[in-house]
Amino acid sequence: MVKISDYARMSALEAVQTALHKAKENEQYNALLSLTEDRALRRAQAVDGGEITGRLAGIPFVVKDNFLAYGAPTTAASTLLKEFMAPIQATAVEKLEAEGAICIGKANLDAFAHGGSTENSAYGPAKNSHDTSRVAGGSSGGSAVVTALDIVPFALGTDTGGSIRQPASFNGVVGVKPTYGTVSRYGVVAMASSTDTIGTFATTADDAALVMDIMAGTDERDMTTLPDFFVPTTLDKKLTIGVVKQFMTDDVDADVRQLVRGYIEKAKSDGHTIVEVDLPMIEYSLAMYYIIVPAEISSNLARYDGIRYGTRAEGVKTLAELYGKTRDQGFVTENKRRIMIGSYVLSSGFFDAYYQKAQKARTLLINEFNTLFQTCDVLVGPVSPTPAFKLGENTADPVKMYLADIMTVAPSLAGVPAISVPAGVTEGGLPVGVQLIGQQKSDALLLAFAKSLEEDN
Amino acid sequence: MYYNKSMTQISRDDVQHLAQLSSLQLDDAETDSLQQDLENILKYVEQLSNLDTDGVEPTYQVTGLSNVWRDDTVLDSGVSREVLLGLPNEQLAHQIKVPKVL
């Protein structure tokens, strides 16, 4: 697959034109909602003219369409924001542009990033890069697909409970969910403020590390950002790898387990120590997640009222009617489910039993992680219990769809970094990712470990 | 309390009340399908009640931050009033127009 360094011999214009051409050739995947063609070509000329320089000079990339970026609407894959032209750019996009990178388009997602398959997009689902009858994964499905198809060498996503890692696994690329607070979320459509993170898809661990290095750091416009701790590194020691028992049960597809075991064997033969570890709170993590996250969603999505921006409902007489109809028409059903679950768990009389209870359980989960990280450098397991499922397979049953997140939500709740790296393909030709989880701020170590096990390394 | 005693029973009235709390004007068909969905989701998450959390402090913020202050100075967003006024569907006399409140 194409790496960032492969672009060194191309002019920026050539690189951007090639990316745009590939994007148009692959329209059947529905991975992109818009192209920022005019702006990209102008920026390419500026790079070739020497006006813009940097570590990513002339490198084309794609952002998930919940990043505010110039050159096309920011829709969040909803009709509510169908024509919303962002008046600012996300800090992450600004930082990449300052290094010369060129955004060529905006990727499909589940509307407002609510989902695990990109089937909740108001503009139709993105298709899997290896089998168009299957889902791209989600919610950052489009970003994973454009990376897997070599349209661009990297693409940005957001990960609140697995939305980068799971599509990375389903499409055979690297996906990074960093430590909570690594990258500013300013200018990115908010979902669940206590777990939302910004990360990237790439084809190698090194490229992912470069992109994360550029994006990381404090931002006075996002008070949750941490001082920049991200320093790309190489692995100079042998690690202790904990295989999480709860991730390797019979509930997990046999092909997935076999490929993950293969990855673990490779780590063992490289001299790393493998131990089996317990993380019993995993059993409760999905229940915690589907209380805490909807609660935060119901609060964050209250801003979409159709007044200051967004598509307003027509033919209404009062303000309350405008809110109600705008939101009914502008949100997809999954948005409504989550908002209403959030309203329920935050209701007087239910707050203690649901929201508060879940936040206490979260403490117990974090304690278990902390105990394991006293002896393990990295925890390992699958990203998802299955490879990419069929389009439509899980759409009728929301709880079944949520169960696909069972292995990714725990690191999100604990705020620890977790990455998905390719572990191979099943006999049926579907990619499977392995999930590497570390303690907070060990992001660069996880990527260095992943690099040490990459095929051609 | 607005809801039935058994927490996992969601009535049609409950759905309509939640929709009202959420500023969502649902049609009948969606009200029906959401009634079933919400009940199933709540039944799933209710397994947390089996977990003993006595004496455990809740975690709302995972990196230990609290009360991050900034200087009380105006930050230039780089966005003009004209640009912001260009975003809403309806404006009048350099202001955003809204329907009557009542």
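Since we're looking at a predicted model, the values are computed, not measured.
In terms of heavy-atom pairs under 4.5 Å with chain B, the best-connected choice from A/Thr311, A/Ile307, A/Leu322 is A/Ile307. Ranked by heavy-atom pairs shorter than 4.5 Å toward chain A, the options B/Ile41, B/Val98, B/Ile96, B/Leu48 are led by B/Leu48. The residue among B/Asp27, B/Leu38, B/Asn50 with the most heavy atom pairs within less than 4.5 Å of chain A is B/Leu38. The greatest number of non-hydrogen atom pairs below 4.5 Å with chain A, out of B/Leu34, B/Leu75, B/Val101, B/Val62, is found for B/Val62. In terms of non-hydrogen atom pairs under 4.5 Å with chain A, the most contact-rich of B/Gln61, B/Lys43, B/Lys97 is B/Lys97. Note: B/Ser22 leads B/Ser77, B/Ser22, B/Ala19 in heavy-atom pairs under 4.5 Å with chain A. Here A/Tyr284 is the residue among A/Tyr323, A/Tyr284, A/Tyr309 with the most heavy-atom pairs under 4.5 Å with chain B. Counting heavy-atom pairs closer than 4.5 Å to chain B, the top residue among A/Asn367, A/Val399, A/Ile366 is A/Val399. Considering only heavy-atom pairs separated by less than 4.5 Å from chain B, the leading option among A/Leu286, A/Val316, A/Thr179 is A/Leu286.
Salt bridge status for A/Glu334 with A/Arg337: present, with a side-chain N to carboxylate O gap under 4.0 Å. Using a 4.0 Å cut-off between charged nitrogen and carboxylate oxygen, B/Asp32 and B/Arg12 count as a salt-bridge pair. Between A/Asp219 and A/Arg185 there is no salt bridge, since no side-chain N of the basic residue sits under 4.0 Å from a carboxylate O of the acidic one.
Looking at A/Pro398, only its side chain comes within 4.5 Å of chain B, counting heavy atoms on both sides. Contacts between A/Ala358 and chain B at a heavy-atom distance below 4.5 Å involve backbone atoms as well as side-chain atoms. Neither the backbone nor the side chain of A/Leu346 comes within contact range of chain B; no heavy atom of the residue lies under 4.5 Å from a heavy atom of that chain. For chain B, the nearby parts of A/Met288 are the backbone and the side chain; heavy atoms of each come within less than 4.5 Å. Heavy atoms closer than 4.5 Å to chain B are found in both the backbone and the side chain of A/Ala361. With a 4.5 angstrom heavy-atom cutoff, A/Tyr355 touches chain B only via side-chain atoms. Of the atoms belonging to A/Tyr289, not a single heavy atom falls under 4.5 Å from chain B. Neither the backbone nor the side chain of A/Ser298 comes within contact range of chain B, judged by heavy atoms closer than 4.5 Å.
Here the shortest heavy-atom pairing between A/Glu321 and A/Gly315 reads OE2-O, 4.4 Å.
When each of A/Thr195, A/Thr197, A/Asp405, A/Asp196 is paired with A/Thr160, the side-chain hydrogen bond (donor to acceptor under 3.5 Å, both in side chains) condition holds for A/Asp196 and for no other.
Between A/Tyr344 and A/Tyr354, the ring planes are perpendicular. Angles over 60° get that label, and only those under 30° would be called parallel. Under the 30°/60° scheme for interplanar angles, the aromatic rings of A/Phe331 and A/Phe112 are found to stand perpendicular.
With rounding to the nearest 0.5 angstrom, the CE atom of A/Met281 is 12.0 Å from the CZ atom of A/Arg362.
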- [ ] Take B/Ser49 and A/Lys357, measure what side-chain hydrogen bond (donor to acceptor under 3.5 Å, both in side chains) needs, and give me the verdict at the end.
- [x] CA-CA 8 Å; B/Ser49 62; A/Lys357 179 87 181 176; over 6 Å; no
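Summarising the local packing, CD of B/Gln20 is surrounded by 12 or fewer heavy atoms from other residues, nucleotides or ligands at distances under 6.0 Å.
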